[in-house]
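A short write-up of the structure that comes next.
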Number of protein chains: 2
Amino acid sequence: MPFAVGMKTFYSPVHLRHAPKQEFEGGRMQPAVEIPERAERVRAEIEARKLGPLLTPGEFGNEPLLRIHDPAFVIFLSEAHGAWTRRYGKDAPDAIPSAWPSRGLREQRSGDIESRLGSYAFDTATPITKGTWEAARTGVNTALSAAQALMQGERAAFALARPPGHHASADVFGGYCYLNNIAVAAQFLRDAGMRPAILDVDYHHGNGTQSIFYRRDDVLFVSIHADPSFAYPHFLGFADERGEDAGEGATLNLPLPRLTQWPAYAMAMDTGFERLRTFGADVLLVSLGLDTFEADPISRFKLKSEDYLRMGEKIASLKLPTLFVFEGGYNIEKLGEITANVLEGFEAK
Amino acid sequence: MPFAVGMKTFYSPVHLRHAPKQEFEGGRMQPAVEIPERAERVRAEIEARKLGPLLTPGEFGNEPLLRIHDPAFVIFLSEAHGAWTRRYGKDAPDAIPSAWPSRGLREQRSGDIESRLGSYAFDTATPITKGTWEAARTGVNTALSAAQALMQGERAAFALARPPGHHASADVFGGYCYLNNIAVAAQFLRDAGMRPAILDVDYHHGNGTQSIFYRRDDVLFVSIHADPSFAYPHFLGFADERGEDAGEGATLNLPLPRLTQWPAYAMAMDTGFERLRTFGADVLLVSLGLDTFEADPISRFKLKSEDYLRMGEKIASLKLPTLFVFEGGYNIEKLGEITANVLEGFEAK
């Protein structure tokens, strides 16, 4: 009875090597919120509830990664921390850009480390640490392993990847994200002949994922998130972004106001689900951010713990093979509980 | 004998209202280096040496300012600190952006304060404080007053403006600069029928000034600075930037290596002077940065105190009405001395 063992979760302790200490926001250094403890809490809760087996991700090499990311960008990420410490010394703080090529300035993607950081980043909240590259690289393998499980017949799988990925585009990092785990997994499934749809339920718009698929009609992107007119990532995720060229109509943004509660959130999910159905997806990938939670320290929605059971049930109602990929969510105390609620709500249906 | 009173210096204590405490660079908060004490030390030295009268700048209104700067940008600067404290509270640190519209993202020049900051800034070293707007606005009047003195027949004048200006373009601020004092003054002289040339001797490339005049043939821009391949502002100031369209050839960049000393620096000045002569300028504006000094805390050139006398003499050898506008230079102890050396060297010729 293989189904009795529950949903497979893919997890690697390599994520622990990415442990940023601080981020710069609101005019000051703040304690980092995208920290290793996040994934550890979720892992512990999955084990405590016996939701299913915890599996070590496999190795997929560079090919699936380079189907999404620019090679020079990948090389930059792998080299950045070394270049930073050569410039600022071994005891330097984590690498964060402080200047960028704004209007009238010239991108310098192959310049010195400050030039490259400013040319490849879009914020100061996403430090490159000594272990960032290995962790991000393993996060991609984690998502790919979960995708492979679906291809092998699983109804669902959970990629407990860290750092998250949905803010990273083909060649820009930011929003605590370096490599776009879910985009690489979606492309992997697409390359296997499937028709993937991505549902992004993180509080923050998945600007990286949107950008990657914006001109394509073979991967649907639906995002429910805080309106960027007041929320990060500020510069993408507005309702008028619907895709371009071949991708016209294959992007759907559903920005919501501050203090959104479950009833309004569920209605937005229904709106998104209509689009998922007309698109005719045969596999669903969920960017599972848990920062819509009422007690999230950096976000402003008001979903309660039990709402995440409902969210899981609703996602299950689509009756599609489903790949959950871990994204944001920063309330350490409740993060395990609310994440597991989604998975449990899904499994209950 | 009006000449006996020496070079007029324009100065307003309003600059004191711009007193940033910290800047973000190298992955950490650092004590601000572009601080009020800078201009106060220079003022004190000018008074001590009796180089000439200290005059209060006049009021020139918005018209000359808007000949250079985008109106929406000017309005943004005037409103930014208020919008920031409404969002983050009265006790918030100074306003510094933490996210920007990189590749694939959409500028939001009329969005919330985070969106506007990221859309109008190019670094995290240029805090907007409560008094920044008034100080920057007065800095422009300071430069205009000095320009007016030239129009009234003075051989030279010194605008002891603060904050500096040469990194600010028509609609982007950064590099401790908000409004481009020297560009507004150059345009003011141009509008009076003169043919201005700008010589930028700051350690850092004057990217804002260059951008403003890049497509014009009626204002020459010559800059001697640290090679941006290793130095701020990273994204402009390379030798291949020579102007565009009508401005082709009216920009000359002379980037120099680390540890440059006076002999090599003087040769670069000679090269720049050749271009000044063929351009046929009838008025010279000097972006007077003093961060080429050997003991500057953030720079890497090796000019000695007495070299600044030579620099002043060399500039005088051009025999043009000359407007000095204060830019960078961060060695507080010696800043008065080396600035006054330039002016004294000039006056001696």
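All values below come from the heavy atoms of this structure, side chains included, with hydrogens, waters and symmetry mates left out. Please read all numbers here as calculations on a predicted model, not as lab measurements. Here is how names work: the chains are called A, B, and so on, in the same order as the sequence lines, proteins then strands, and each is numbered from 1.
In this structure, R87(B) places its CZ atom where more than 12 heavy-atom neighbours from other residues, nucleotides or ligands lie under 6.0 Å away. Within 6.0 Å of CG on D240(B) lie more than 12 heavy atoms contributed by other residues, nucleotides or ligands.
For residues 213-224 of chain B, a heavy-atom distance under 4.5 Å to chain A picks out no residue at all. Of residues 68-86 of chain B, those residues lying under 4.5 Å from chain A by any heavy-atom pair are W84(B). When the heavy atoms of residues 163-185 of chain A are compared with those of chain B, the residues falling under 4.5 Å are D171(A), V172(A), listed by number. Contacts of residues 102-125 of chain A with chain B at a heavy-atom distance below 4.5 Å involve S102(A), R103(A), G104(A), L105(A), R106(A), E107(A), Q108(A), R109(A), D112(A), E114(A), S115(A), G118(A), S119(A), Y120(A), A121(A), F122(A), D123(A), T124(A), listed in sequence order.
Between A92(B) and R28(A), the shortest heavy-atom distance links the atoms CA-NH2, 4.3 Å. A99(B) and Y232(A) make their closest contact through CB-CE1, 4.2 Å (heavy atoms, listed as atom of the first residue, atom of the second, distance).
When side chains are defined from C-beta on, M29(A) counts as touching F24(B), because their heavy atoms get closer than 4.5 Å.
Contact count against chain A (heavy-atom pairs under 4.5 Å) is highest for P97(B) among P97(B), S211(B), G237(B), A95(B).
The contact between N207(A) and chain B is made entirely by side chain atoms (from C-beta outward), counting heavy-atom distances below 4.5 Å.
Once rounded to the nearest 0.5 Å, the distance linking NE2 of H234(B) with OG of S98(A) reads 5.5 Å.
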